[in-house]
K.L.:
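Just dropping this structure here.
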Amino acid sequence: MRRLLFFLIICIALVFFGKADLASFNSKFDGEYVVYSTEKSDTKAFAVAGITVFRADFIEQISGKNEVLGETITLSGSKDDIPTILNRLYTVYHTSETIGDIYIVYGYSPKLKRTQFINRKPVNLQITYHNGTITISNPINLGSF
């Protein structure tokens, strides 16, 4: 009964405080932050197939707009860092797979915006590990890792 009450309090608190962009968590990771958007601007880093890639200094101008398709934070680390990342992002469930030498974790955090459904499950977090590099993506990685 206590667990149920605790769970309900957490759910209500998460709804009350709302969802955030991945950028709001970057201070916990201190990585390179990139935004993927359909916004047209001269400040873009580059564009591929209609998706514009922006660096962190532009996020304040497009934050909260519908044009944001996704975000990534890239940092150095090891596979052992992934459980800590999942905890810091308040991940409620996750699954993982390995493709070649790339370790991939898919999950859901009620604190993050932009959810996609994969196999009828909500997913708004993808973490990849490859050769000492961790890429945290919301909702899923739109570029290369």
K.L.:
Considering residues at least two apart in sequence or located in another chain, which fulfil the side-chain contact (heavy atoms from CB on, under 4.5 Å) criterion with Asp101?
P.N.:
His130, Asn131

K.L.:
To the nearest 0.5 Å, what is the distance between NE2 on His94 and CD on Gln126?
P.N.:
13.5 Å

K.L.:
Please list, chain by chain and in numerical order, all residues satisfying side-chain contact (heavy atoms from CB on, under 4.5 Å) with Pro122, sequence neighbours excluded.
P.N.:
Tyr93, Tyr108, Thr115, Phe117

K.L.:
Flag the pair Leu75 / Ile73 as yes when at least one side-chain heavy-atom distance between them is below 4.5 Å, and no otherwise.
P.N.:
yes

K.L.:
Which atoms form the tightest heavy-atom contact between Ile134 and Ser78, and what is the distance?
P.N.:
CD1-O, 3.4 Å

K.L.:
Judged by atom type as modelled, is there a donor-acceptor pair below 3.5 Å linking the side chain of Asn138 to the main-chain atoms of Thr72?
P.N.:
no

K.L.:
With sequence neighbours excluded, tell me which residues meet side-chain contact (heavy atoms from CB on, under 4.5 Å) with Tyr103.
P.N.:
Lys79, Ile82, Ser96, Thr98, Val105, Tyr129

K.L.:
Looking only at heavy atoms, which two atoms of Asp80 and Pro83 are closest? And how far apart?
P.N.:
O-CD, 3.4 Å

K.L.:
Can you confirm whether Thr84 sits close enough to Leu86 that some side-chain heavy atom of one is under 4.5 Å from a side-chain heavy atom of the other?
P.N.:
no

K.L.:
If you apply the rule side chain to side chain contact (heavy atoms under 4.5 Å, CB included), what do you find for Asn124 with Ser109, and how did you get there?
P.N.:
CA-CA 7 Å; Asn124 62 2; Ser109 169; 4.1 Å; yes

K.L.:
Counting C-beta onward and ignoring hydrogens, is there a side-chain heavy-atom pair between Val123 and Pro139 closer than 4.5 Å?
P.N.:
no

K.L.:
Would you give the length of the straight line joining atom CG of Asn87 to atom CG of Leu89, rounded to the nearest 0.5 angstrom?
P.N.:
9.0 Å

K.L.:
Could you measure the distance from the OH atom of Tyr90 to the CG atom of Leu112? Nearest 0.5 Å is fine.
P.N.:
11.0 Å

K.L.:
Testing Ile136, Thr91, Leu125 for side-chain contact (heavy atoms from CB on, under 4.5 Å) with Ile85, which one passes?
P.N.:
Ile136

K.L.:
Taking it one step at a time, do Ile99 and Glu97 satisfy side chain to side chain contact (heavy atoms under 4.5 Å, CB included)?
P.N.:
CA-CA 7 Å; Ile99 300 175; Glu97 66 180 341; 3.9 Å; yes

